[in-house]
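The structure follows.
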Amino acid sequence: MASKPLTLYEKIWADHVVERRDDGTCLIYIDRHLVHEVTSPQAFAGLRAAGRPVRRPDLTLAVPDHNLPTTARVDAQGHALPIADPASAGQLSALRANVAEFHVPYIDALDARQGIVHVVGPEQGFTLPGTTLVCGDSHTSAHGALGALAFGIGTSEVEHVLATQTLLLAPSKTMEVRVDGALGFGVSPKDVVLAIIGKIGAAGGTGHVIEFTGEVIRAMSLEGRLTVSNMSIEGGARSGLIAPDETTFAYLKGRPMAPQGADWDKAVAYWKTLPTDAGATYDAVVRLSASDIAPSLTWGTSPEDVVQITGAVPDPDSFADPSKREAARRSLDYMGLAAGTAMQDIGIEHVFIGSCTNSRIEDLRAAAAVVEGRHIADRIRQALVVPGSGLVKRQAEAEGLDRIFLEAGFEWREPGCSMCLAMNPDKVPSGERCASTSNRNFVGRQGPGARTHLVSPAMAAAAAVTGRLTDVRDLMTGGGHWG
Amino acid sequence: MEPVRQVEGRAYPWGAKNIDTDIIIPAHWLKTTTREGMGKGAFETVRAQPGNIFDDTRYAGAPVLIAGENFGCGSSREHAAWALGDLGIRAVIAPSFSDIFSGNAFKNGIVTVVLPQEAVDRLVEVAKTDEITVDLETMTVTTPFQDRFAFELDPFRRQCLLEGLDEIGMTLARDTAISKYESAVVDARPWIAVGGGNEGTVLEGAGRT
Ligand code: SF4
C-alpha cells in the first residue's frame with residue numbers, strides 16, 4: 001500500500017514523536033540543543049533548585065555570543081582582558097560555572113571556534129538534516145537551512161529540554177514559500193528573504209513551519225540558505241526548512257561534529273529520504289518570482305516594511321488598513337523620514353556588517369568586493385565588520401578581506417552579536433541611522449532611538465562608501481566577484 | 001506554578017499591533033541571571049513618552065493587557081513574560097500572538113486570550129472605564145455590560161493553568177517512554193550521538209591563534 005505523501009516537516013516530526021497525547025500534542029525528542037549566556041542562567045538555576053541533572057549533555061553545546069564585547073579579548077601577552085560591564089561579565093561567568101557544574105560541552109570566548117550560536121552550529125557540523133534543534137533564541141530558525149526542524153524556545157523550555165531532552169508540542173501548519181526563476185544581477189539571498197517577508201507580512205507565517213522551495217533556493221549556497229531560513233521568524237514562522245540536497249551534504253562533510261565513516265553513509269542515505277514527497281500538500285502556498293526581486297531594504301520599524309532600493313518611502317495614507325496607516329505614521333516619525341523620499345536620498349551615519357543573518361564568509365566576501373579600492377564616506381561615524389565566528393574571521397584574514405575593510409576605514413572586530421541588539425557596547429546612538437545586515441529593525445533594537453535599515457552585505461558596503469542608502473548595482477562592475 | 005482560574009480587574013486598553021518583545025523588555029534588561037525585577041524595564045521605550053498608557057494612574061496595576069495582532073513577535077526572550085508578570089499582568093487579550101510568546105506566557109501562568117479584532121476593539125472601549133473578567137473555567141471574557149466573548153484554549157495548557165502543574169515534573173514521569181525512544185534511535189539513526197568533536201569541546205579550549 002502506498003503511504004500518504006508527506007512534507008519534509010511531517011517526516012521529521014514523525015521520527016521524533018516519543019508519545020502522542022489524545023489532544024494531538026506530542027512529546028517530541030530534541031536531538032540538538034544550543035545554549036548561550038542570556039537565556040540559560042534561569043534555566044540552570046531551575047534545575048539546581050529541583051536537584052535535576054542535564055539529561056543529555058552530549059547533545060548540548062554552549063557558547064557565549066550576545067553579551068561579549070567585540071573589541072580585543074586578550075592583551076599583547078595573550079592574557080584575557082576583563083569585561084567592563086559587570087552585568088555582562090556576570091552572565092558570562094554564570095554560563096561558565098553552569099556548564100562546568102552540569103557537564104555541558106562549551107566553547108569559550110577565547111576559543112577560535114567561538115561565535116554566534118547560529119553560525120557555530122552549522123560550522124561545527126552540530127546542526128544536521130532531519131534533526132530537531134532548539135536554542136533559547138528566535139533565530140534558531142536559521143538551522144532549518146540544513147533541513148533541521150529548528151526553532152527558538154523560551155527559558156522555561158530551555159530548562160525543560162535540559163531536564164528531559166523533549167518538548168511538548170502541538171503540530172504546526174505548513175506553508176510552502178516557492179521562489180522560482182533566477183536571481184538578477186546584484187540580487188542576494190537577503191533580498192530574497194526581505195521580499196518574502198514584505199509579501200507575507202511580519203505575522204504571515206504565525207502558526208506555520210515554512211518550507212522554502214523552488215529554483216532560487218536550490219541554486220543557493222548553504223550560506224545563502226542560512227540567511228533565508230534565519231529570517232523566517234521575521235515572517236512570524238518559528239521554523240523555515242529547506243530540503244537537504246547535495247549542497248547540504250558537501251557543506252557538512254568533514255565538519256568536526258558531523259557523522260563520519262559508515263555513520264556518514266547511513267546518515268546521507270537517511271537524509272535523502274527527507275525531501276517532501278511528490279503530491280504532498282501544504283496548508284498554505286506562497287509564490288514569488290525571482291524576476292520581481294531586486295536589492296531591497298526596510299524603511300520602517302517592522303521587518304515587513306520592505307521596499308526596493310529604487311523605490312521611495314511610502315505614504316502612510318497609501319495603506320488600506322487603518323491600523324497599518326497609524327503604524328506607518330509612527331514608524332516614519334521614529335525613523336525621521338518623510339513620505340515620498342527616494343530611498344537613495346537617505347544619508348546614513350553607521351554601517352553594521354554582521355549578525356547571524358549575514359556574518360559568514362560569503363557575506364564578508366560580497367561586502368569586500370564592493371568595498372575593495374574604495375573608502376567609506378566622510379559622514380560615516382562608525383562602520384563595523386563583525387565576523388560570525390572566530391573561524392570565519394580566520395578564513396577572511398587568510399583571504400585578505402580584513403585588509404580590504406581596514407584600508408577602507410571599517411573596523412574589524414571579534415565575533416559576537418555586536419550591533420544587532422544593543423546588549424553589548426556596540427550600539428547606534430539615538431537619532432542616528434544605520435545600514436545593517438542584521439534581521440530586526442524594531443524600535444530601539446540597535447540602541448535607544450537608533451534608526452535601522454535592514455540590507456544585504458553588499459548593500460551595506462555600498463551605503464558605507466557613498467554615505468547614503470545606495471543601489472549596489474551602480475557600484476558593481478560586470479566581472480570578477482559578481483559572475 | 002500558581003493555579004489560575006480567573007483574572008479580573010482593570011485592563012490596559014492599548015490595542016497596539018505588532019508589539020515585539022524588544023518593546024516589552026529592551027535587550028539591556030536581559031543581562032540578569034534571575035527572573036525577578038523585570039517590571040522596572042517593561043515597556044521602557046513606550047513609557048518614555050508622555051501620556052503613555054502604562055503610567056496612566058487609571059490603569060495602575062491592571063492585571064489585563066489588551067493589544068493588537070501579533071503581540072510578542074520578535075525575540076524569544078522569556079524575559080518579556082517575566083516583565084509582564086512583574087508588572088502584575090496575568091492575562092493578555094489580542095487577535096493573535098507570536099507562537100513563542102504565547103508558550104512563554106503560559107509557562108509563567110499568564111493567559112493569552114485570542115479574540116477576533118471586533119471583540120478586541122469592543123474590550124478596548126470598555127476597558128477605558130470598566131473592569132474585565134477572563135475566566136478559564138468557562139473560557140469567556142465578560143464585561144459589566146453583558147458582553148460575553150468565548151475563546152479557545154489548548155486543553156493541556158488550560159489544565160496546567162487551572163491546576164498549576166509543573167510541566168517538567170510531568171514530563172519526567174514519562175521517563176520510560178523517553179528512554180525507550182532513545183534506545184530505538186541508537187539503532188535507527190546512530191549518528192545522532194554527536195561525533196568525537198563534541199566530547200572534546202571543553203572549558204578553555206584551544207586559545208585563539
Ligand atoms: S546576531 Fe542578533 S539575531 Fe542573531 S543571535 Fe545574536 S542577537 Fe540574535
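Lettering follows sequence order; numbering is per chain, from 1.
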### Query
In terms of heavy-atom pairs under 4.5 Å, which option from A/I233, A/V158, A/D137 contacts chain B the most?
A/D137
#### Entry: Interface moiety of A/D15 toward chain B, non-hydrogen atoms closer than 4.5 Å
both
### Test side-chain contact (heavy atoms from CB on, under 4.5 Å) applied to A/Y29 and A/L59, A/V17, A/L167, the passing residue
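By the side-chain contact (heavy atoms from CB on, under 4.5 Å) criterion, A/Y29 pairs with just one of A/L59, A/V17, A/L167: A/L59.
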#### Entry: Side chain, backbone, both or neither of A/H16 within contact of chain B (heavy atoms, under 4.5 Å)
both
### Message
If you count heavy-atom pairs within less than 4.5 Å of chain A, which of B/D166, B/D22, B/D154, B/T21 leads?
### Response
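That would be B/D22.
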### Task
Heavy-atom distances under 4.5 Å only: say whether A/A202 touches chain B with side chain, backbone, both or neither.
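Interface part for A/A202: both.
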### Message
Between A/T206 and chain B, with a heavy-atom cut-off of 4.5 Å, which part of the residue counts as in contact: side chain, backbone, both or neither?
### Response
both
### Task
Please look at B/S102 and chain A and tell me whether the side chain, the backbone, both or neither of the residue comes under 4.5 angstrom of a heavy atom of that chain.
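Neither the backbone nor the side chain of B/S102 comes within 4.5 Å of chain A.
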### Under 4.5 Å from a heavy atom of chain B, the part of A/A163 involved
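A/A163 touches chain B through backbone and side-chain heavy atoms alike.
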### Task
Determine the option with the most heavy-atom pairs under 4.5 angstrom with chain B, choosing from A/T131, A/T140, A/I153.
A/I153
### Query
By a 4.5 Å heavy-atom criterion (distance strictly below it), what part of A/R440 contacts chain B: side chain, backbone, both, or neither?
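The side chain, not the backbone.
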#### Entry: chain B contact via A/T25 - side chain, backbone, both or neither, heavy atoms under 4.5 Å
side chain
### Query
Less than 4.0 Å between a side-chain N and a carboxylate O, is that true for B/E182 and A/R56?
yes
### Query
Among B/E69, B/R174, B/H79, B/M170, which residue forms the greatest number of heavy-atom pairs with chain A at distances under 4.5 Å?
B/R174
### Query
In terms of heavy-atom proximity below 4.5 Å to chain A, should B/D175 be classed as side chain, backbone, both, or neither?
both
### Task
Let me know if A/D321 has heavy atoms under 4.5 Å from chain B in its side chain, its backbone, both or neither.
side chain
### Task
Quick one: which of B/A188, B/S75, B/A184 has the most heavy-atom pairs under 4.5 Å with chain A, could you say?
B/S75
### Query
Salt bridge check: are B/K107 and B/E78 linked by an N-O gap of less than 4.0 Å?
no
#### Entry: B/R158/B/E163 salt bridge by N-O under 4.0 Å criterion
no
### Query
What part of B/E44 is in contact with chain A, defined as an atom under 4.5 angstrom from a non-hydrogen atom: side chain, backbone, both or neither?
neither
#### Entry: Contact origin within B/F101 toward chain A - heavy atom pairs under 4.5 Å
neither
### Message
Before you tell me yes or no, could you show the steps for A/S331 and A/T301 under side-chain hydrogen bond (donor to acceptor under 3.5 Å, both in side chains), namely the whole-Å CA-CA distance, both residues' side-chain angles and the distance that decides it to 0.1 Å?
### Response
CA-CA 6 Å; A/S331 278; A/T301 56; 2.8 Å; yes
### Shortest non-hydrogen separation from B/R10 to B/A127 and the atoms involved
NH2-O, 3.2 Å
### Query
Is it true that B/R35 and A/E159 have a side-chain N and a carboxylate O under 4.0 angstrom from each other?
yes
### Side chain, backbone, both or neither of A/L128 within contact of chain B (heavy atoms, under 4.5 Å)
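The side chain, not the backbone.
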### Task
Could you have a look at A/S138, A/G130, A/P41 and say which one has the most heavy-atom pairs with chain B under 4.5 angstrom?
A/S138
### Task
Run the numbers on A/S88 and A/N67 for side-chain hydrogen bond (donor to acceptor under 3.5 Å, both in side chains), then give the verdict.
CA-CA 6 Å; A/S88 292; A/N67 262 329; 3.2 Å; yes
#### Entry: Any side-chain donor near an acceptor of the partner, A/T452 and A/Q446, under 3.5 Å
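Looking only at side-chain atoms, A/Q446 and A/T452 do form a donor-acceptor pair, the distance falling under 3.5 Å.
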### Message
I'd like to know which of A/H66, A/E326, A/K324, A/R21 tops the heavy-atom pair count under 4.5 Å against chain B.
### Response
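The residue among A/H66, A/E326, A/K324, A/R21 with the greatest pair count is A/R21.
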### Contact class of B/T34 relative to chain A, heavy atoms under 4.5 angstrom
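B/T34 touches chain A through backbone heavy atoms alone.
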### Summary
Of the listed B/G169, B/G74, B/A80, B/A81, the one with the largest count of heavy-atom pairs under 4.5 Å with chain A is B/G74
### Message
Quick one, A/Q114 with A/R73, criterion side-chain hydrogen bond (donor to acceptor under 3.5 Å, both in side chains). Give me CA distance, side-chain angles, the key distance, then yes/no.
### Response
CA-CA 12 Å; A/Q114 180 271 335; A/R73 292 187 183 145; 2.9 Å; yes
### Query
Do we see a donor-acceptor contact under 3.5 Å between the side chains of A/E234 and A/H139?
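The answer is yes; a qualifying pair exists.
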### Task
Below 4.5 Å from any heavy atom of chain B, which atoms of A/T164 appear? Answer side chain, backbone, both or neither.
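Both backbone and side chain.
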### Task
Would you please indicate if the ring centroids of B/W14 and B/Y59 are separated by under 6.0 Å?
no
### Query
Charged N to carboxylate O under 4.0 angstrom, B/D55 versus B/R47?
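A salt bridge is present here (some side-chain N lies under 4.0 Å from a carboxylate O).
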### Side chain, backbone, both or neither of A/E19 within contact of chain B (heavy atoms, under 4.5 Å)
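Contact with chain B involves the side chain of A/E19 alone.
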### Message
Please classify the contact between A/R255 and chain B as side chain, backbone, both or neither, with a heavy-atom cut-off of under 4.5 Å.
### Response
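Neither; nothing under 4.5 Å.
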### Task
Answer yes or no: is there a donor N or O on one side and an acceptor on the other, between the side chain of B/N70 and the main chain of B/N18, under 3.5 Å?
no
### Query
Can you say whether B/W82 sits under 4.5 Å from chain A via the side chain, the backbone, both, or neither, judging by heavy atoms?
side chain
### Task
Test the A/R32-A/F126 pair against the cation-pi criterion, namely NZ or CZ under 6.0 angstrom from the six-membered ring centroid and within 45° of the ring axis.
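Yes, a cation-pi geometry holds between A/R32 and A/F126.
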